[in-house]
Undergrad: 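The structure under discussion is supplied below as structure tokens; questions concerning it will follow.
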Amino acid sequence: MELKNKKWTHDEFNAIRKEVLTHWPTGSEVNFEEAVKYHENIPAKRHFAKRLVKAKNNGETLTQPRAGVALIDEHINLLNFLKNEGEADLLPSTIDSYTRQNQYKEAQNGIEESLKAGRSLLNGFPAVNHGVKGVRRVVESVDAPLQVRHGTPDARLLGEITIAAGYTSYEGGGISYNIPYAKSVSLERTIYDWQYCDRMIGLYAEHGVEINREPFGPLTGTLVPPSVSHAVAVIEGILAAEQGVKNITLGYGQCGNLVQDIAAIKALEQLADEYMAKHGYNDTVLTTVFHQWMGGFPQDEAKAFGVISWGAAAAALAKATKVIVKTPHEALGIPTKEANAQGLRTTKQMINMLKDQSFPMTKELEIEINMIKAETRCILDKVFELGNGDYAVGTVRAFEAGVLDVPFAPSKFSLNKILPARDNNGAVRLFDVGNLPFTPDIVAFHKDKMNERAKAEGREASFQMVIDDIYAISKGNLVGRPR
Ligand SMILES: CCC[C@H]1O[C@@H](n2cnc3c(N)ncnc32)[C@H](O)[C@@H]1O
């Protein structure tokens with residue numbers, strides 16, 4: 001396997017596809033030509049890419065939950081409940097953890113146990129085991145655009161089955177579904193396997209079927225600096241575009257300081273446009289997704305609604321194309337459909353109250369946008385250099401060198417040298433920049449911001465601040481002030 005950021009030929013792809021479709025018996029239900037025809041009959045209003053473009057043109061911020069249960073009928077009921085009671089604009093199918101680890105036998109057990117128990121004993125929808133026929137029952141019973149949301153390092157068979165079944169959007173990427181989701185799966189492996197997924201979607205595009213792709217923006221969802229997640233997002237966008245993907249949503253996980261979060265979305269849009277154009281991908285439609293707070297949540301449901309509302313407000317003021325919604329059960333586990341719908345309605349109310357307002361371009365906001373862009377450019381340009389002009393190769397070398405580094409990542413391939421912490425206003429800064437290739441003025445900016453907080457709190461900037469910040473929101477605050 002030679003890793004190269006180069007579009008695969010049909011022969012290269014088909015040689016691997018034959019083997020991928022044998023990973024589970026339901027793979028034999030995939031018939032590409034038949035699937036293309038099936039997609040041609042999916043109406044525009046149930047088409048993810050088209051709905052996103054419409055939202056972007058109308059300046060809408062669409063709402064989307066996470067949701068998935070073991071059995072098909074229950075999953076259909078859940079999704080229709082979230083559409084009808086939750087007013088969700090876009091719907092997911094969150095895939096279960098066994099399927100994410102390609103443990104289809106265990107997923108099958110989970111289905112059988114759920115049937116016996118009369119309730120879902122899996123933490124998501126086991127789409128591979130249900131196969132094209134079973135998943136099509138969901139597609140034909142839910143009148144909304146459907147996206148596959150998961151966390152799968154090897155997502156090739158899952159992609160083949162769900163896209164053939166009529167899903168019109170696929171989340172994930174070779175970095176963003178490895179570093180936060182796996183311990184010892186090599187980046188070469190997952191970047192290569194995700195080139196397969198992107199090439200598959202490029203193949204549908206060649207046949208007139210436009211499937212949306214969404215790299216997973218938040219990464220570990222714990223104090224990830226905007227420039228770190230943006231660098232990964234832009235790289236995964238470029239890797240997808242190289243394989244022929246034409247409709248891409250780049251994502252970002254809320255940090256909590258409003259100016260920084262708005263700046264992050266603005267910077268992401270500008271960086272994505274800049275780098276896609278720079279590398280010749282001029283026919284790729286780009287949208288953004290804002291994830292409501294991905295870190296620890298308060299157990300108290302009223303406080304959880306506060307966190308959800310804050311994420312909704314930031315997404316609306318940032319004018320993100322869509323927002324991924326949390327629920328008041330976040331601190332407890334898989335939400336009930338009622339709790340999930342409440343999170344959606346809370347978010348919808350905030351978006352509706354803010355859609356006629358806009359956040360002014362203040363000096364502070366401008367500084368934040370420029371800082372995020374400067375930092376992200378330092379990282380992206382270093383990755384490109386390390387790869388001698390190849391972002392796939394460059395990414396592997398960048399993680400080895402700590403040029404790309406994701407805080408609190410389970411993967412042994414992330415150096416975990418950087419240390420993020422909040423500044424005195426709650427914006428996420430770097431207490432330790434690790435080996436990130438920042439210019440001296442950027443390093444100084446972060447140092448000054450951390451010292452400003454240290455002075456205000458009367459304590460040295462330290463690792464203790466990092467720990468205090470990790471627990472702050474679940475304890476009812478944003479900045480982890482000393483007790
Ligand atoms: C990045 C994913 C983490 C988030 O994904 C939510 N999540 C996971 N699985 C399900 C599910 N089956 N139904 C509703 N939400 C789900 C968690 O709560 C967490 O917020």
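Counting convention: from 1, in listed order, for ligands and their atoms alike. Side chains are part of it too, since the values below use all heavy atoms of this structure and drop only hydrogens, waters and symmetry mates.
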Undergrad: Using non-hydrogen atoms of the residue, decide whether F125 is closer than 4.0 angstrom to ligand 1.
TA: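 It does not, in that no heavy atom of F125 comes within the 4.0 Å cut-off of ligand 1.
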
Undergrad: Among all protein heavy atoms in this structure, tell me which lies nearest to atom 13 (N) of ligand 1, with the distance rounded to 0.1 Å.
TA: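 Going by distance alone, atom 13 (N) of ligand 1 is nearest to A67 CA, 3.5 Å.
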
Undergrad: Please list, in number order, the atoms of ligand 1 under 4.0 Å from a heavy atom of T94.
TA: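 In order of numbering, the contacting atoms are 9 (N), 10 (C).
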
Undergrad: Using 30° and 60° as the class boundaries, would you call the ring planes of H150 and Y170 parallel, tilted or perpendicular?
TA: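 The arrangement is tilted - the two ring planes meet at 30° to 60°.
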
Undergrad: Could you check K83, R51, K348 and say which one makes a side-chain hydrogen bond (donor to acceptor under 3.5 Å, both in side chains) with D89?
TA: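 Going through the options one by one, the only one that passes is K348.
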
Undergrad: About how many Å separate CD of E85 and CD of E338, when rounded to the nearest 0.5 Å?
TA: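 The distance works out to 9.0 Å.
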
Undergrad: Does the side chain of S176 come under 3.5 Å of the side chain of E236 through a donor N or O and an acceptor N or O?
TA: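 Yes, E236 and S176 have a side-chain donor paired with an acceptor closer than 3.5 Å.
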
Undergrad: Here's a test for you: under side-chain hydrogen bond (donor to acceptor under 3.5 Å, both in side chains), which of T287, T168, T249 qualifies with N212?
TA: T249

Undergrad: Is the shortest N/O to N/O distance between G124 and ligand 1 below 3.5 Å?
TA: no

Undergrad: Quick one: look up the protein heavy atom nearest atom 18 (O) of ligand 1 and list residue, atom name and how far away it is.
TA: E330 OE1, 2.9 Å

Undergrad: Can you say whether the rings of H230 and Y252 are parallel (under 30°), tilted (30 to 60°) or perpendicular (over 60°)?
TA: perpendicular

Undergrad: What is the nearest protein non-hydrogen atom to atom 16 (C) of ligand 1, stated with its residue, atom name and distance?
TA: R66 CB, 4.0 Å

Undergrad: For T347 and Q292, does a side-chain donor sit closer than 3.5 Å to a side-chain acceptor?
TA: yes

Undergrad: Report, in ascending order of atom number, the atoms of ligand 1 lying under 4.0 Å from any heavy atom of K326.
TA: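 Once the distances to K326 are compared, the set is 19 (C), 20 (O).
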
Undergrad: Considering the heavy atoms of M294, write down every atom of ligand 1 situated less than 4.0 Å from one of them.
TA: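 This gives 1 (C) as the contact atoms.
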
Undergrad: Going by distance alone, is a donor N or O of one side chain under 3.5 Å from an acceptor N or O of the other, for H446 and E375?
TA: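 Yes, a side-chain donor-acceptor pair sits under 3.5 Å.
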
Undergrad: What are the atoms of ligand 1, with element, lying closer than 4.0 Å to any heavy atom of Y181?
TA: 1 (C)

Undergrad: How far is atom 11 (C) of ligand 1 from its nearest protein heavy atom, and which residue and atom name does that atom have?
TA: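 It is I334 CD1, 3.7 Å.
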
Undergrad: Show me which atoms of ligand 1 lie under 4.0 Å from any heavy atom of F216.
TA: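 Under 4.0 Å from F216, ligand 1 has these atoms: 1 (C).
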
